[in-house]
Amino acid sequence: MAQPKKYLNFLDIKEQSEGNERRYESLKNIMENSTFLPKPVEYKDIDAAFKDWVENGLKISYKEKILPTMVLYSNQRFTEYSQTWKYVDENKNLILNFKTITRENNPQYGKIQSGLWNIPGNRFYLMKKQIVLDDNGSESVLALKMRQPMAVDLLYKVSIYTTNFETINDFNKLVNDRFKARQDYIFPNGHAMPMTLENISDKSSYELEDRQFYSQSFDIKVMGYVLTEEDFRVEEQPLKLGVKFQHGILEKRKPEIEIEELEFDPCGEGRQLTPEEAEIEKKLGKRPKMSFMQLSIDFPRGSTAVTFETDTDFTVDNVEKCNIRKAYVSINGGITAGAESFSVKNGDTLEFIIYPANNTKTSKLLLNVHKILNVEQ
Amino acid sequence: MKLTTENIKRKNPINRNNFFTSQEQINFQIGIGMEYVNKILNQTVVLYQVDREKTKVSDIYSEAKFSDLVFKTPIELNVIYKIDKGELKTYNADTIKGYYVKVGKLTFSIYNKELEENDCDIQRGDYIGIQVTPEHMEYFIVADDGRVNYDNAHTLWGTVPYYRSIVCTTVGDITETENI
């Protein structure tokens with residue numbers, strides 16, 4: 001016969017986020033009680049978060065009293081007393097059954113990004129754009145930029161000192177339980193930083209003729225990162241909708257094309273002829289006469305494309321680029337190819353598209369070209 | 001404070017080794033000793049007690065800047081002191097660079113009664129000044145406040161502790177104590 005249930009089951013009625021939603025929630029935590037940018041996080045914040053984690057996450061009691069946590073970061077002589085005064089005997093000696101936190105004061109470059117180094121240049125990266133209302137009523141865009149955080153590994157040592165074997169067992173179980181899924185987390189200023197348990201060592205006093213007590217030390221590595229106030233930048237830009245251009249400004253943004261005839265062959269005597277030119281050479285029985293030119297296209301700031309029609313046949317030997325990351329050419333609207341070496345016929349429409357390396361500077365495309373003069377001869 | 005019997009600290013009489021010495025005799029011996037130290041030797045140190053209640057410390061590191069340390073009124077105490085010989089050292093021991101002469105360790109003995117009469121106590125982290133020349137006062141920090149003095153050497157004929165041995169080290173940053 002079925003028996004009635006003796007205890008009520010706990011129902012998990014609180015909805016919890018999962019997957020991407022949980023990730024967005026974590027991001028929101030970083031921004032909580034903050035400006036548009038994440039809060040800075042420094043060693044001090046990580047130390048404080050770690051202390052909170054030890055105090056609250058590794059709470060343990062003995063004789064109905066919670067073991068106090070002494071944070072022994074500093075070696076200033078009276079520092080210890082400022083924390084321990086509540087837990088000392090009449091000789092101002094620390095009474096047993098307590099926890100301590102120490103940290104190695106030489107943090108190394110961190111492994112939070114799998115030991116990879118930061119991108120050189122210490123650049124600011126655009127994180128967010130925010131439209132704000134200025135005092136004069138006009139709207140502007142706040143560009144919120146930040147640098148890549150500096151990864152750092154901090155090695156903490158949490159120790160417990162007790163006279164009771166059961167207490168040390170319980171504490172060991174508590175710590176191992178926190179790290180059973182490899183990692184635990186602290187959240188200094190909302191930034192999630194993983195921790196791993198590196199080692200557990202026994203520091204108990206086993207001297208036959210000395211005071212006896214148990215001590216265990218837990219080496220915990222915090223894989224953190226540092227973001228200082230200097231790592232953030234807020235740039236205010238006028239909202240583009242309200243900007244008016246004066247007459248003439250737009251004209252200056254058009255690329256300028258210039259052709260200069262050269263007296264010499266920039267490619268030298270060892271020039272390799274195109275198949276068509278080789279045929280002409282065969283027909284003429286001698287090397288065809290050539291004219292050499294330099295075609296320069298100056299792109300002003302903001303200009304990235306130019307289209308023009310040719311009135312002669314020529315072959316582009318090579319292309320020199322100045323402040324251009326990539327350049328493409330399209331002949332008669334055909335398939336766009338990398339602008340390197342190509343031939344053009346009379347009446348062809350050429351379109352050059354460039355990607356400047358630095359948008360705030362002008363760019364230049366220099367084409368070394370040649371044409372054959374004595375085809376009819 | 002509520003007046004109850006709980007607040008009264010229980011005191012047990014010390015009767016050991018009293019066959020040849022009485023309390024009067026102990027007081028007499030301490031009196032002679034203090035007269036020797038105070039009036040004949042006349043060696044003094046200045047005690048700068050850190051006011052641990054008024055001193056503001058950092059929340060996380062419990063550390064205080066020297067400018068944030070609050071000292072109680074300095075007290076001149078009669079002691080017998082010894083300063084060890086200075087030591088030639090370098091900050092960079094690997095390359096033997098950055099020479100400095102480390103001031104020797106200061107150790108001094110002080111009667112418990114001297115502390116009681118001046119209504120003060122010496123604790124780890126307190127500052128001690130010694131007027132080494134008319135122009136210069138050298139400062140030290142208490143490393144061992146000699147509070148546990150139950151050993152035979154610190155008790156008069158094995159009766160009660162009557163003096164403390166204090167060990168001090170030189171201050172880390174001498175510039176801090178310039179305007180103490």
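By convention in this document, chain letters (A, B, ...) are assigned in the order of the sequence lines, proteins followed by strands, and residues within each chain are numbered from 1.
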Review point. For B/Asp121, does its backbone N or O pair with a side-chain atom of B/Gln49 as donor and acceptor, under 3.5 Å?
Key: yes
Review point. When you measure from the side chain of A/Thr167 to the backbone N and O of A/Thr163, does any donor-acceptor pair fall under 3.5 Å?
Key: no
Check your understanding: Is a donor on one side and an acceptor on the other found under 3.5 Å between the side chain of A/Arg147 and the backbone of A/Asn122?
Key -> yes
Review point. Between B/Arg52 and chain A, which part of the residue has a heavy atom less than 4.5 Å away: side chain, backbone, both or neither?
Key: side chain
Review point. Is there any ring-ring contact (aromatic ring centres under 6.0 Å, His included) pair reaching into residues 73-99 of chain B, and which pairs are they, with sequence neighbours excluded?
Key: B/Tyr91-B/Tyr100
Review point. Is there a side chain to side chain donor-acceptor pair (under 3.5 Å) between B/Glu116 and B/Asn112 once you walk through the steps?
Key: CA-CA 6 Å; B/Glu116 282 166 26; B/Asn112 287 351; 5.6 Å; no
Review point. With distance as the sole test, does B/Asp126 use its side chain to make a donor-acceptor pair with the main-chain N or O of B/Gln123 at under 3.5 Å?
Key: yes
Review point. Within the distance-only criterion (no hydrogens, no angle test), does the side chain of B/Ser22 pair as donor or acceptor with the backbone N or O of B/Asn18 below 3.5 angstrom?
Key: no
Check your understanding: Where is the tightest heavy-atom contact between B/Thr55 and B/Ala64, given as atom of each residue plus distance?
Key -> CG2-CB, 3.9 Å
Review point. So, are B/Asp84 and B/Lys82 salt-bridged, with charged N and O less than 4.0 Å apart?
Key: yes
Practice item. Can you tell which part of B/Tyr150 gets under 4.5 Å to a heavy atom of chain A, answering side chain, backbone, both or neither? Key: side chain
Practice item. Would you please test A/Ser201 and A/Asn199 for side chain to side chain donor-acceptor pair (under 3.5 Å) and show each step? Key: CA-CA 6 Å; A/Ser201 52; A/Asn199 186 37; 4.5 Å; no
Practice item. Using atom types as modelled and distance alone, determine if a side-chain donor or acceptor of A/Asp231 lies under 3.5 Å from a backbone N or O of A/Leu227. Key: no
Exercise for review: Name, in order of residue number, those residues of residues 40-72 of chain A that have a heavy atom at a distance of less than 4.5 Å from a heavy atom in chain B; otherwise write 'none'.
Suggested key: A/Tyr43, A/Lys44, A/Asp47, A/Ala48, A/Lys51, A/Val71
Check your understanding: Can you check whether A/Lys111's main-chain N or O pairs, donor with acceptor, with A/Asp153's side chain at less than 3.5 Å?
Key -> yes
Check your understanding: When only heavy atoms count and the cut-off is under 4.5 Å, which of residues 137-148 of chain B reach chain A?
Key -> B/Ile141, B/Val142, B/Ala143, B/Arg147, B/Val148
Exercise for review: Would you kindly say whether B/Gln43 and B/Asn78 are connected by a side-chain donor-acceptor distance under 3.5 Å?
Suggested key: no
Point to revise | Neighbours of chain B found in residues 174-196 of chain A - heavy atoms under 4.5 Å | key: none
Exercise for review: List the steps and the verdict of ring-ring contact (aromatic ring centres under 6.0 Å, His included) for A/Phe98 and A/Tyr161.
Suggested key: CA-CA 6 Å; A/Phe98 57 88; A/Tyr161 300 87; 5.2 Å; yes
